[in-house]
Amino acid sequence: DASAYAALLTSAASAIHAACADCEVISGGLFFHEQLINGAIEFTHDMLEADRGVFDDVDAFGFHPYPSYPPAAPPALARDGQRSIGAMVADLRAVLALHGVPELPMAATELGWPVYSSVDEEEQARFLSRAMILGGALGVDPLCWFNVTDGRDHGTFPPEDDFGLYRYPSEDPASPIDPKPARDAMRWLSRIGQGAVFSGVAADPVLHAPAEGRFALDFERPEGRWRVLFALASYQAELPGEVREARDHLGRPVVAAGSTWTVGPSPLFFVPPGI
């Protein structure tokens, strides 16, 4: 009930800020696609129709940038009925602007991919890396991964218990911790992302052409700039004079023959030495 939620959000946001002036209020995270329920665009439109000032006391707009359920499409895919993360952000900002809402920060309060069907553990790790990189480049903050550990019903449908960074039963103190590759991808991103700020895209259209599924994004850290490249379909890239270290999406060293690199679905990082 968008109208009822608008009333709840307005009242709650006002009360939270009255009690805690420094607290940040994020609106309830909306599932983007229309699938059994109204999607985020229609629900947001209905909220604003009910109350034009519903976001006046809200600090960030919450949404869940999943592909259609169960999530299996890549985070940069913008076809087959799916929207890329960038397109979701643009669509949400457009509906807010249509109703005269000043630009709000975007917060991905939940996103993830389960190990299910066509998504194996390696694919989950690649999707995590690309989603976090794209979200960071878009200024989405926070980016909250669902979930820490798999549940006891992992391997069944619906795959709600298969989103974890760790296999079941890693949350049990009596059991050994059993990480998936996604945990290593998150650990590497946490390391490389510390203190990093998005600084732009590569000017080379061979490296960065989002419409063709190729991405080359630059981030600045105190130690210097790092660049990440990935693509929906693999291609060969010439990167002459590259003096930074190359790492894969799990933080492992990568070596190429000469100056030719294979860029594909697994993100390739070029980082200052010593990071």
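Given the structure is predicted, the values throughout are model-derived calculations rather than measurements.
Within the 4.5 Å cutoff, the side chain of Pro71 has heavy atoms near those of the Pro114 side chain. Trp188 places none of its side-chain heavy atoms less than 4.5 Å from the side chain of Asp248.
Residues Tyr166 and Pro179 approach most closely at CD2-CA, 3.6 Å, considering heavy atoms. Residues Ala202 and His208 come closest through the heavy atom pair O-CB, 3.6 Å. In terms of heavy-atom proximity, Ser14 sits nearest to Asp57 at CA-OD2, 3.0 Å. The two residues Gly164 and Gln124 have their closest heavy-atom pair at O-NE2, 3.5 Å. When all heavy atoms of Ala2 and Met47 are compared, the closest pair comes out as O-CG, 3.5 Å. The two residues Ala182 and Leu128 have their closest heavy-atom pair at O-CD1, 3.8 Å.
Checked against the 6.0 Å centroid criterion, the rings of Trp226 and Phe269 qualify as a close aromatic pair. Taking the six-membered ring for Trp and the full ring otherwise, the centers of Phe61 and Phe55 sit less than 6.0 Å from each other.
Side-chain N/O atoms of Asp184 and His249 include no donor and acceptor closer than 3.5 Å. Glu238 and Thr260 form a side-chain donor-acceptor contact under 3.5 Å, judged by distance and modelled atom types alone.
Residue pairs meeting the side-chain hydrogen bond (donor to acceptor under 3.5 Å, both in side chains) criterion with at least one member in residues 2-13, sequence neighbours excluded, are Thr10-Asp51. Sequence neighbours left out, the pairs with a member in residues 207-219 that pass salt bridge (Lys or Arg N to Asp or Glu O under 4.0 Å) are Glu212-Arg214, Asp218-Arg225, Asp218-Arg227. The list of salt bridge (Lys or Arg N to Asp or Glu O under 4.0 Å) pairs with a residue in residues 139-166, not counting sequence neighbours, reads Asp150-Lys180. The stretch residues 118-146 participates, sequence neighbours left out, in these ring pair (Phe, Tyr, Trp, His ring centres under 6.0 Å) pairs: Trp113-Phe127, Phe146-Phe163. Sorted by first and then second residue, the ring pair (Phe, Tyr, Trp, His ring centres under 6.0 Å) pairs involving residues 74-98 (not counting sequence neighbours) form an empty list.
Taking OG1 of Thr149 as the reference point, atom CG of Leu165 lies at 9.0 Å (rounded to 0.5 Å). With rounding to the nearest 0.5 Å, the separation of CG in Asp1 from CG in Asn38 is 10.5 Å. The OG1 atom of Thr44 sits 12.0 Å away from atom CD of Glu49, with the distance rounded to the nearest 0.5 Å. Distance check, rounded to the nearest 0.5 Å: OH of Tyr69 to CG of Leu36 gives 11.0 Å. Remark: Phe215 CZ to Ile133 CD1 distance equals 11.0 Å, nearest 0.5 Å. Phe230 CZ to Ser129 OG: the interatomic distance, rounded to the nearest 0.5 Å, is 8.0 Å.
A donor-acceptor pair is defined here as one N or O able to donate and one able to accept, closer than 3.5 Å; such a pair exists between the side chain of Ser170 and the backbone of Arg167. Looking at Gln82, its side chain does come within 3.5 Å of a backbone N or O of Ser68 through a donor-acceptor pair.
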Please set out all donor-acceptor pairs under 3.5 angstrom arising from side-chain atoms of residues 18-27, sequence neighbours excluded.
{"residue": "Ser27", "atom": "OG", "partner": "Gly62", "partner atom": "N", "Å": "3.0"}

Throw together a table of side-chain donor-acceptor distances under 3.5 angstrom for residues 88-112, partners on residues two or more places apart or in other chains.
{"residue": "Asp91", "atom": "OD1", "partner": "Arg83", "partner atom": "NH2", "Å": "3.0"}
{"residue": "Asp91", "atom": "OD2", "partner": "Arg83", "partner atom": "NE", "Å": "3.0"}
{"residue": "Asp91", "atom": "OD2", "partner": "Arg83", "partner atom": "NH2", "Å": "2.9"}
{"residue": "His99", "atom": "ND1", "partner": "Arg52", "partner atom": "NH1", "Å": "3.2"}
{"residue": "His99", "atom": "NE2", "partner": "His45", "partner atom": "ND1", "Å": "2.9"}
{"residue": "Thr109", "atom": "OG1", "partner": "His64", "partner atom": "NE2", "Å": "3.1"}
{"residue": "Glu110", "atom": "OE2", "partner": "Tyr66", "partner atom": "OH", "Å": "2.6"}

For this session: Dump the intermediate steps for side chain to side chain contact (heavy atoms under 4.5 Å, CB included) on Val228 and Leu268, then the final yes or no.
Result: CA-CA 5 Å; Val228 56; Leu268 182 62; over 6 Å; no

Exercise. Hey, mind stepping through Ser84 and Leu77 against side chain to side chain contact (heavy atoms under 4.5 Å, CB included) and telling me if it holds?
Worked result: CA-CA 5 Å; Ser84 67; Leu77 188 69; over 6 Å; no

Exercise. Passes side chain to side chain contact (heavy atoms under 4.5 Å, CB included), Arg247 versus Arg252? Steps please.
Worked result: CA-CA 5 Å; Arg247 304 289 185 90; Arg252 301 171 301 194; over 6 Å; no

For this session: Please step through side chain to side chain contact (heavy atoms under 4.5 Å, CB included) for the pair Phe43 and Phe32, ending with a clear verdict.
Result: CA-CA 10 Å; Phe43 195 87; Phe32 184 83; over 6 Å; no

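Side-chain heavy atoms closer than 4.5 Å link hydrophobic residues (I, L, V, M, F, W, Y) into clusters, and following such links, even through other members, never connects Phe31 to Ile41. Met132 and Val115 end up in different hydrophobic clusters when Ile, Leu, Val, Met, Phe, Trp and Tyr side chains are linked at under 4.5 Å. Hydrophobic clustering, with ILVMFWY side chains joined whenever heavy atoms are under 4.5 angstrom apart, groups Leu138 together with Leu217. Leu189 and Phe198 fall within a single hydrophobic cluster, where Ile, Leu, Val, Met, Phe, Trp and Tyr are joined by side-chain heavy atoms under 4.5 Å apart, directly or via other members. The cluster map of Ile, Leu, Val, Met, Phe, Trp and Tyr, joined by side-chain heavy atoms under 4.5 Å apart, puts Ile37 and Leu8 in different clusters.
Residues forming a ring-ring contact (aromatic ring centres under 6.0 Å, His included) with Tyr168 (at least two apart in sequence, or on another chain): His154. Partners of Arg126 by salt bridge (Lys or Arg N to Asp or Glu O under 4.0 Å), not counting sequence neighbours, listed by chain and number: Glu123. With sequence neighbours excluded, the residues satisfying salt bridge (Lys or Arg N to Asp or Glu O under 4.0 Å) with Glu223 are Arg221. Qualifying ring-ring contact (aromatic ring centres under 6.0 Å, His included) partners for Tyr235, counting only residues two or more places apart in sequence or in other chains: none. Considering only residues two or more places apart in sequence or on other chains, Arg191 meets the salt bridge (Lys or Arg N to Asp or Glu O under 4.0 Å) condition with none of them.
Heavy-atom contacts from other residues, nucleotides or ligands closer than 6.0 Å to CD1 of Ile177 number 12 or fewer. Surrounding CD of Gln236 are more than 12 heavy atoms belonging to other residues, nucleotides or ligands, all under 6.0 Å away.
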